[in-house]
Asker: 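Sharing a structure with you now.
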Amino acid sequence: MEIIEKPSFPALKPSELNSKKNSSRRIPIPPHRMTPLRKDWLQVYTPLVEHLKLQVRMNLKKKAIDVRCSKETEDIGAVQKAADFIKAYCLGFEIGDAVSLLRLDDLYVDTFEIKDVKTLHGDNLSRAIGRIVGKDGKTKFTIENTSRTRIVVADTKIHILGSFQNIKIARDAVVHLILGSSPGKVYSKLRTISSRLKERF
């Protein structure tokens with residue numbers, strides 16, 4: 001019986017792993033984010049070019065950002081990271097927060113609508129949004145600081161940026177507020193969770 005030897009292939013370099021199919025991406029920009037993007041263009045452009053070594057251009061005709069790999073690009077997932085960063089910026093996150101998606105691998109953006117939790121209309125919907133944000137944004141800041149996430153409330157949509165576990169903590173707090181819990185109750189739950197996390201680490 002003939003024994004077939006296992007083939008051995010030399011390790012590929014990152015530049016060789018970049019297939020042409022995945023080396024470029026066009027990320028559409030919503031109309032209401034075009035003006036802020038023009039203003040912040042240098043801050044958006046710089047980390048993509050210097051940190052990820054990508055080629056980037058603003059396509060005003062198509063209202064999009066074109067991103068593609070260059071010869072210097074080392075990271076295989078650079079284009080995907082760039083797309084996640086630009087999408088996070090378009091959702092309303094600050095550039096400083098969105099940049100963390102380029103530097104850390106275990107960060108995600110989670111989006112849900114208030115109606116996914118509970119169907120609310122008119123004043124009830126406005127009050128739910130008011131409970132999430134709080135006076136002068138106090139409730140939102142408390143949830144962000146305790147769960148180490150960033151939250152954007154855009155009309156009835158809620159976007160949360162953070163690690164998987166932290167997103168869950170923040171989402172649970174927001175859901176309780178939508179369902180009618182008072183901020184005081186949510187604060188006490190968050191304090192318990194944060195003390196548990198401090199004990200763990």
Asker: Between CE of M58 and CE of M34, what distance do you get to the nearest 0.5 Å?
Answerer: 5.5 Å

Asker: Are F141 and V133 linked, directly or through intermediate hydrophobic residues, by side-chain heavy-atom contacts shorter than 4.5 Å (ILVMFWY only)?
Answerer: no

Asker: Tell me, with the steps shown, if V44 and V56 meet side-chain contact (heavy atoms from CB on, under 4.5 Å).
Answerer: CA-CA 10 Å; V44 173; V56 185; over 6 Å; no

Asker: What I'd like to find out is whether the side chain of L48 reaches to under 4.5 Å of the side chain of L102, using heavy atoms alone.
Answerer: yes

Asker: Same cluster or not: are L60 and I29 linked, directly or through other Ile, Leu, Val, Met, Phe, Trp or Tyr residues, by side-chain heavy atoms under 4.5 angstrom apart?
Answerer: yes

Asker: Any donor-acceptor pair under 3.5 Å linking the side chain of D116 with the backbone of F112?
Answerer: no

Asker: Are any of the side-chain heavy atoms of I114 and I132 separated by less than 4.5 Å?
Answerer: yes

Asker: Between H176 and I178, does the side-chain contact (heavy atoms from CB on, under 4.5 Å) criterion hold? Intermediate values first, please.
Answerer: CA-CA 5 Å; H176 285 306; I178 293 167; over 6 Å; no

Asker: So do the side chains of F164 and L107 get within less than 4.5 Å of each other, counting heavy atoms only?
Answerer: no

Asker: Using a 4.5 Å cut-off on heavy atoms from C-beta on, say whether the side chain of V153 contacts that of K140.
Answerer: yes

Asker: Are more than 12 heavy atoms, taken from residues, nucleotides or ligands other than D136, located less than 6.0 Å from that residue's CG atom?
Answerer: no

Asker: Short question: side chain of S100, backbone of G96 - any donor-acceptor pair under 3.5 Å?
Answerer: no

Asker: Can you tell me how far NE2 of H121 sits from NZ of K115, rounded to the nearest 0.5 angstrom?
Answerer: 9.5 Å

Asker: Determine, stepwise, if the pair K81 / D105 fulfils salt bridge (Lys or Arg N to Asp or Glu O under 4.0 Å).
Answerer: CA-CA 9 Å; K81 279 183 181 177; D105 289 332; 3.3 Å; yes

Asker: Roughly how far apart are R171 CZ and I158 CD1, rounded to 0.5 Å?
Answerer: 11.5 Å

Asker: Mind listing the closest non-hydrogen atom pair of I167 and L161 along with its distance?
Answerer: CG1-C, 4.4 Å

Asker: Given side chains that start at C-beta, do those of L54 and R68 come closer than 4.5 Å, heavy atoms only?
Answerer: no

Asker: So K189 and V186, do their side chains get closer than 4.5 Å, heavy atoms only?
Answerer: no

Asker: Are a donor atom and an acceptor atom from the side chains of N166 and S163 found within less than 3.5 Å of each other?
Answerer: yes

Asker: Determine the sole option in I160, D97, V109 for which the side chain to side chain contact (heavy atoms under 4.5 Å, CB included) test with R150 is passed.
Answerer: D97

Asker: Mind listing the closest non-hydrogen atom pair of L52 and A78 along with its distance?
Answerer: CD1-O, 3.6 Å

Asker: Counting distance only, does the side-chain N/O of S126 pair as donor-acceptor with the main-chain N or O of G122 below 3.5 Å?
Answerer: yes

Asker: Check D106 against Y108 and note the closest heavy-atom contact, atom names and distance.
Answerer: O-CE1, 3.4 Å

Asker: With sequence neighbours excluded, tell me which residues meet salt bridge (Lys or Arg N to Asp or Glu O under 4.0 Å) with D66.
Answerer: R26, R57

Asker: Under 3.5 Å, is there a donor-acceptor pair between the side chain of E144 and the main chain of I151?
Answerer: yes

Asker: Mind listing the closest non-hydrogen atom pair of H32 and C90 along with its distance?
Answerer: NE2-O, 4.4 Å

Asker: Going by heavy atoms in the side chains, are L179 and V117 under 4.5 Å from each other?
Answerer: yes

Asker: Indicate whether the side chain of T146 and that of Y187 have a donor and an acceptor atom separated by less than 3.5 Å.
Answerer: no

Asker: So, taking the atom named CD in Q43 and the one named CG in L37, what distance separates them when rounded to the nearest 0.5 Å?
Answerer: 11.0 Å

Asker: Which pair of non-hydrogen atoms, one from S24 and one from V79, has the smallest distance, and what is that distance?
Answerer: C-CG1, 4.3 Å

Asker: Is there a chain of hydrophobic side chains (I, L, V, M, F, W, Y, each step under 4.5 Å between heavy atoms) that links V152 to I95?
Answerer: no

Asker: Measure the shortest side-chain to side-chain distance between L190 and I169 over non-hydrogen atoms and say whether it is less than 4.5 angstrom.
Answerer: yes

Asker: Just by distance, do the side chain of R25 and the backbone of Q80 share a donor-acceptor pair under 3.5 Å?
Answerer: no

Asker: Working to the nearest 0.5 angstrom, can you tell me the gap between L101 CG and K87 NZ?
Answerer: 11.5 Å

Asker: Would you say the side chains of D40 and Y89 form a donor-acceptor pair under 3.5 Å?
Answerer: yes

Asker: Kindly work out whether a path of hydrophobic side-chain contacts (I/L/V/M/F/W/Y, heavy atoms less than 4.5 Å apart) joins L91 to I129.
Answerer: no

Asker: Which atoms form the tightest heavy-atom contact between V99 and P47, and what is the distance?
Answerer: CG2-CG, 4.2 Å

Asker: With no hydrogens and no angle check, do the side chains of T73 and S70 hold a donor and an acceptor under 3.5 Å apart?
Answerer: yes

Asker: Atom CD of Q165 and atom CD1 of I193: how far apart are they, to the nearest 0.5 Å?
Answerer: 10.0 Å

Asker: Whether the side chain of T46 engages the backbone of L42 through a donor-acceptor N/O pair (distance < 3.5 Å, no angle test) should be reported.
Answerer: yes

Asker: Consider only side-chain heavy atoms of I, L, V, M, F, W and Y, link residues closer than 4.5 Å, and tell whether Y45 and F93 are in one cluster.
Answerer: no

